[in-house]
Amino acid sequence: MSIFEGAGVALITPMNADGSVNYDKLEEILEQQIAGGTDAIISCGTTGEASTLSEKEHVDCIRFTCEKVAGRIPVIAGTGSNSTQTAVMLTKEAVEAGADGLLLVTPYYNKSTQNGLKEHFRAIAGEASDRPILLYNIPGRTGVKIEAGTMVDLWKNVPNIVGMKDATGDLSETVKVLSMSDGGVDVYSGNDDITVPIMSVGGKGVISVLSNILPKETHDMAQACLDGDFKKASAMQRKYFDLIGALFCEVNPIPVKKAMNLMGMEVGGLRLPLTEMEESHAALLRSEMEKVGISVK
C-alpha cells in the first residue's frame, strides 16, 4: 500500500529572529496544513532547509512534527545524507520518533555510481525497520541521478523501498520507471509544474512546495487526478503555472518563505548560504500571488 495518495507538503522550517527553529510557528503551520486537506507532511526535506539544520535540530523537528500530527496524516521524514552513516543514524532516530515513512535523497557531492547508490540505499533501508521508503531523485541539486533501472532494481529487491519523489523534470524518464515496474513504483511529482502530467501516467501524487501557501488547492488538484477528472485538474495546473514559476525563480525555499511572509504567516528568514529574495523577484512573486487571488501584505 502507498504511504499516501494525493498532495503531500514539502514543509518549510519556520525560524525565529535569531535563526533558531520556531516550534510554536511550526505547530501552527502543521494545523493549517491538516485543516487544508494536505494528505501527508514531509518534514526536513530540501524545502525544510535540512542541509543547514544541525543533526539535533533535524531529529527534534521530525519528532515534534510526529508528536503534533499524532497519526492524523502520514509524516514522511527526510533522512538522506551524502554520508551513509549519517543517513543511517537519522533514519533510526526518525523511526524511533514515529515517522510513517522516509525520504532519502541521493548522496550529493560524492556523485556515487549507480552501484554505489544501490549499496547506499540498501544500507539505510536495512535500518529503517518496516517503514516504507521513497527515494528522492533530484539530480539538479545533487549532481547524481537515479537511473530508471536502478530505481526498479531497488524496488524489486528491497521490500521497504516503495517509490520515488521524481524531481528530474523528465517525464519520459518517469514513464520509463512506471513502464519497467508495470506501475508498481509509487511515483510522486517533485515539481509542482508537472503534477498533473505525472499523475496522468500513473503517479500517486505530488510532494509539493506550492502546498505551503495553497494546501487546499494543491490537494484538490491532486484529488481531481485521482478521481479521473483531468479536465478540472488540468485547469488548476494551468491556473497556478505562473505562480509556481515565481516560487522557483530563486532557489527553493527562498521564494516560498517570502510568499508565506507576504501572506502574514511570519515564518521568519533563511539560514546562510540562502539569502533573502531579490527585490525584482519578490515583486514578480507578489504579482503572481495577487493574480490568483492570494491576499498579500
Under 3.5 Å, is there a donor-acceptor pair between the side chain of [X] and the main chain of [Y]?
{"X": "S83", "Y": "T86", "result": "yes"}
{"X": "Y188", "Y": "G163", "result": "no"}
{"X": "N157", "Y": "D153", "result": "yes"}
{"X": "N82", "Y": "Y109", "result": "no"}
{"X": "S287", "Y": "A283", "result": "no"}
{"X": "R131", "Y": "L102", "result": "no"}
{"X": "S211", "Y": "I207", "result": "no"}
{"X": "N160", "Y": "A125", "result": "yes"}
{"X": "N16", "Y": "G268", "result": "no"}
{"X": "Q32", "Y": "I213", "result": "no"}

Gap separating the [atom1] atom of [X] from the [atom2] atom of [Y], nearest 0.5 angstrom:
{"X": "L135", "Y": "D186", "atom1": "CG", "atom2": "CG", "value": "11.5 Å"}
{"X": "L26", "Y": "N22", "atom1": "CG", "atom2": "CG", "value": "8.0 Å"}
{"X": "M277", "Y": "T275", "atom1": "CE", "atom2": "OG1", "value": "10.5 Å"}
{"X": "I73", "Y": "D100", "atom1": "CD1", "atom2": "CG", "value": "9.5 Å"}
{"X": "D166", "Y": "I194", "atom1": "CG", "atom2": "CD1", "value": "6.5 Å"}

Under the salt bridge (Lys or Arg N to Asp or Glu O under 4.0 Å) test, which residues partner [X], sequence neighbours left out?
{"X": "E290", "value": "none"}
{"X": "K216", "value": "D220"}
{"X": "K291", "value": "E288"}

Query raised in the report: Under the ring pair (Phe, Tyr, Trp, His ring centres under 6.0 Å) test, which residues partner Y108, sequence neighbours left out?
Result: none
Should [X] and [Y] be counted in the same cluster of Ile, Leu, Val, Met, Phe, Trp and Tyr side chains packed under 4.5 Å apart?
{"X": "I198", "Y": "M164", "answer": "yes"}
{"X": "L247", "Y": "Y240", "answer": "yes"}
{"X": "I76", "Y": "V88", "answer": "no"}
{"X": "W155", "Y": "V201", "answer": "yes"}
{"X": "L11", "Y": "I244", "answer": "yes"}

Any heavy-atom pair between the side chains of [Y] and [X] that's under 4.5 Å?
{"X": "E31", "Y": "R72", "result": "yes"}
{"X": "S181", "Y": "M151", "result": "no"}
{"X": "L214", "Y": "S208", "result": "no"}
{"X": "V158", "Y": "F121", "result": "no"}

Where do [X] and [Y] come nearest, in terms of heavy atoms and distance?
{"X": "M15", "Y": "G269", "value": "CG-O, 3.6 Å"}
{"X": "N137", "Y": "I146", "value": "OD1-N, 2.9 Å"}
{"X": "P253", "Y": "T46", "value": "CD-O, 4.1 Å"}

Requested in this report: Please check if atom CD in E96 has more than 12 non-hydrogen atoms from other residues, nucleotides or ligands closer than 6.0 Å.
Outcome: no
Query - Over 12 foreign heavy atoms within 6.0 Å of NZ, K176 - result: no
Requested in this report: For a side-chain hydrogen bond (donor to acceptor under 3.5 Å, both in side chains) with T47, tell me which candidate from N212, T13, N252 qualifies.
Outcome: N252
Report task. Provide the full list of ring pair (Phe, Tyr, Trp, His ring centres under 6.0 Å) pairs with a residue in residues 264-297, sequence neighbours left out, each pair given once. Result -> none
Should [X] and [Y] count as an ion pair when the cut-off is N to O under 4.0 Å?
{"X": "K258", "Y": "E250", "value": "no"}
{"X": "K204", "Y": "D39", "value": "no"}
{"X": "E49", "Y": "K257", "value": "yes"}

Query raised in the report: Without hydrogens or angle criteria, can the side chains of E173 and T168 be said to hold a donor-acceptor pair below 3.5 Å?
Result: no
Report task. Return yes if a side-chain donor-acceptor contact under 3.5 Å exists between S20 and D18, otherwise no. Result -> yes
Can you give each donor-acceptor pair under 3.5 Å made by side-chain atoms of residues 58-69, sequence neighbours left out, with the distance rounded to 0.1 Å?
| residue | atom | partner | partner atom | Å |
| --- | --- | --- | --- | --- |
| H58 | NE2 | G78 | O | 2.6 |
| D60 | OD2 | K56 | NZ | 2.7 |
| T65 | OG1 | C61 | O | 2.8 |

